[in-house]
2 protein chains.
Amino acid sequence: MNYSRQRAEVLDQIREHEDHPTADVIFAELRQKDPSISLATVYRNLKLLSDLGEIRKLSFVSGADHFDSTIKPHYHFVCERCGKVYDIPMKVAEALDSEAEMYIPGAITGHDLVFRGICDECGALEGSRDSQK
Amino acid sequence: MNYSRQRAEVLDQIREHEDHPTADVIFAELRQKDPSISLATVYRNLKLLSDLGEIRKLSFVSGADHFDSTIKPHYHFVCERCGKVYDIPMKVAEALDSEAEMYIPGAITGHDLVFRGICDECGALEGSRDSQK
DNA sequence: TTATGTGCAAATCATTTGCAAGATC
DNA sequence: GATCTTGCAAATGATTTGCACATAA
């Protein structure tokens, strides 16, 4: 047989997200279905699954790591206000890698591209109610 | 007058690095010159200086945040083996922002591009002594 | 003399780990 | 029964915060 019950639950739960949840979000959601699951197990399985290449760990947001169920390379957008992470379905520019390789003392295997800005949700809030801190 | 002694020390110390040190590296170095400076002060001033735009906080490396004395937008290379962060002096592709904007629900203000790979130092180690682990 | 900044220690947050008990082969 | 996993609690690492004292405008 394959994955333990908990391991499968963690993987399933991530796959239900189009966004990219953090470990504690996954944990909170799983707790509903499986009140005995522990946070350590969630962390252990997130690590294991991303080592196996089943999911991808996103470390580029400040604070907690996010997890992505899509392993195929793609770009992201992070809202600077709310911190949400969205996928961007644009084409990955492999040409960038070879261009960069000319400038650096090493071999490039890939790149992460993260766009920053304000998502429409946060932008709308600000537009309607006047903007401030 | 302007910055407190400690604040100025922190800023100076970062500016002495071509690489991108973490808070505890800065702290350890400053301790030599100024044995009474505290880690909390280093953190407080790093935060303040990056809020002021004097330095830039890099959150895209796993683990501790790194700090960059160059505020002008530029790209980075992170060695997956040793974790070192290098600058890449290639041209920033602003065109990417407008391209991405067509795909997402929000306004883009910029992007971070981080190349991953193995730096020559780490590559050499591996090449000479055979690779394993 | 009011605001600002500091050092220290305790607090917080994200994540990892040791260990005894549980599940699986 | 050996091995892999779990849940729990304690440990760790990075960063922040409360507070009394120091410093500066």
Side-chain angles (χ1 to χ4, degrees), chain A residues 1-14 17 19-52 54-68 78 80 82-85 133, chain B residues 1-14 17 19-52 54-68 78 82-85:
Chain A
M1 266 291 59
N2 246 330
Y3 290 164
S4 72
R5 177 170 53 83
Q6 292 87 333
R7 184 119 75 226
E9 283 171 2
V10 168
L11 183 52
D12 285 354
Q13 194 62 36
I14 290 188
H17 283 261
D19 66 342
H20 307 75
T22 53
D24 61 304
V25 168
I26 295 295
F27 173 63
E29 291 173 352
L30 285 182
R31 260 278 148 120
Q32 314 268 103
K33 312 180 177 179
D34 175 357
S36 73
I37 199 170
S38 83
L39 183 55
T41 296
V42 170
Y43 271 106
R44 270 189 288 242
N45 284 315
L46 287 172
K47 184 178 214 294
L48 197 138
L49 289 168
S50 63
D51 287 349
L52 291 176
E54 295 268 28
I55 62 177
R56 207 155 90 79
K57 183 198 214 176
L58 308 178
S59 297
F60 49 69
V61 196
S62 280
D65 287 340
H66 292 243
F67 294 86
D68 191 336
V78 179
E80 298 184 302
C82 66
K84 274 210 196 90
V85 181
K133 167 50 158 315
Chain B
M1 266 291 57
N2 245 331
Y3 289 164
S4 72
R5 179 172 52 81
Q6 292 86 336
R7 183 118 77 226
E9 283 172 2
V10 168
L11 183 53
D12 285 355
Q13 194 61 37
I14 291 188
H17 284 260
D19 67 340
H20 307 76
T22 53
D24 60 304
V25 168
I26 295 295
F27 173 63
E29 292 174 350
L30 286 182
R31 261 281 150 118
Q32 315 269 100
K33 313 180 176 179
D34 175 358
S36 73
I37 199 169
S38 81
L39 183 55
T41 295
V42 171
Y43 271 107
R44 270 189 289 243
N45 284 317
L46 287 172
K47 183 178 216 290
L48 197 138
L49 290 167
S50 63
D51 287 348
L52 291 176
E54 295 269 29
I55 62 177
R56 209 155 88 80
K57 183 199 214 174
L58 308 179
S59 298
F60 50 68
V61 197
S62 281
D65 287 339
H66 292 242
F67 294 87
D68 191 336
V78 179
C82 67
K84 273 212 197 89
V85 180

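A note on names: the letters A, B, ... follow the listed sequences, proteins ahead of strands, and every chain is numbered from 1.
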Peer 1: Are the side chain of A:His20 and the backbone of A:His66 linked by a donor-acceptor contact shorter than 3.5 Å?
Peer 2: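 Not at all, since once roles are kept as given, no pair shorter than 3.5 Å links the two residues.
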Peer 1: Measure CG/A:Asn2 against C1'/D:dT5 and give the value in whole Å, please.
Peer 2: 14 Å
Peer 1: Of all the heavy-atom pairs spanning B:Leu39 and B:Phe27, show the shortest one and how long it is.
Peer 2: N-CE1, 3.3 Å
Peer 1: Please determine whether a side-chain nitrogen or oxygen atom of A:Ser4 lies at a distance below 4.0 Å from atom OP1 or OP2 of C:dA23.
Peer 2: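 No, outside the criterion.
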Peer 1: Look at all strands and tell whether B:Ala64 reaches a base, only sugar-phosphate, or nothing, counting heavy atoms closer than 4.0 Å.
Peer 2: sugar-phosphate
Peer 1: If you check every side-chain atom of B:Lys47, which of D:dA9, C:dA14, D:dT16 has the closest atom?
Peer 2: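 Per side-chain heavy atoms of B:Lys47, the pick is D:dT16.
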Peer 1: Taking 4.0 Å as the cut-off, does a side-chain nitrogen or oxygen of A:Thr41 come that near to OP1 or OP2 on D:dG7?
Peer 2: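 Checking A:Thr41 against D:dG7: at least one side-chain N or O falls below 4.0 Å of OP1 or OP2.
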Peer 1: In whole angstrom, give the distance that lies between atom CZ of A:Arg5 and atom P of C:dT24.
Peer 2: 9 Å
Peer 1: For the pair made of OH in A:Tyr3 and P in D:dT3, what is the distance, rounded to whole Å?
Peer 2: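 Going from A:Tyr3 (OH) to D:dT3 (P), I get 22 Å.
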Peer 1: Less than 4.0 angstrom between a side-chain N/O of A:Asn45 and OP1 or OP2 of D:dT6, yes or no?
Peer 2: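 Yes.
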Peer 1: Check every atom of C:dT6, D:dA9, C:dT15 against the side chain of A:Asp65 and return the nucleotide holding the closest atom.
Peer 2: C:dT15
Peer 1: OG of B:Ser50 to CD1 of B:Ile55: how many Å apart, nearest 0.5 Å?
Peer 2: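 These two atoms lie 5.0 Å from each other.
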Peer 1: Determine: side-chain N/O of B:Tyr43 to OP1/OP2 of D:dT15, distance under 4.0 Å, yes or no.
Peer 2: yes
Peer 1: Go through it in stages, so that I can follow the logic: the residues are B:Thr41 and B:Val10, the test is side-chain contact (heavy atoms from CB on, under 4.5 Å), and I'd like the CA-CA distance, side-chain angles, deciding distance and then a yes or no.
Peer 2: CA-CA 9 Å; B:Thr41 295; B:Val10 168; 5.6 Å; no
Peer 1: Among A:Arg7, A:Glu54, A:Glu9, whose side chain to side chain donor-acceptor pair (under 3.5 Å) with A:Asn45 holds?
Peer 2: A:Arg7
Peer 1: I'd like to know if A:Arg44 reaches the base of D:dG7 with its side chain, counting only an N/O donor and acceptor under 3.5 Å.
Peer 2: yes
Peer 1: Does a side-chain N or O from A:Gln6 land closer than 4.0 Å to OP1 or OP2 of D:dG7, or not?
Peer 2: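 Checking D:dG7 against A:Gln6, a side-chain N or O does come within under 4.0 Å of OP1 or OP2.
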Peer 1: In residues 21-37 of chain B, which ones come under 4.0 Å of DNA chain C, going by heavy atoms?
Peer 2: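 Heavy-atom contacts with DNA chain C come from B:Arg31, B:Ser36, B:Ile37.
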Peer 1: Checking side chain to side chain donor-acceptor pair (under 3.5 Å) against A:Asp34, which of A:Gln6, A:Gln13, A:Arg5 comes through?
Peer 2: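 Running side chain to side chain donor-acceptor pair (under 3.5 Å) over A:Gln6, A:Gln13, A:Arg5 with A:Asp34 returns exactly one hit, A:Arg5.
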Peer 1: Assess whether side-chain contact (heavy atoms from CB on, under 4.5 Å) is satisfied between B:Phe67 and B:Ile26, documenting all intermediate values.
Peer 2: CA-CA 10 Å; B:Phe67 294 87; B:Ile26 295 295; 6.0 Å; no
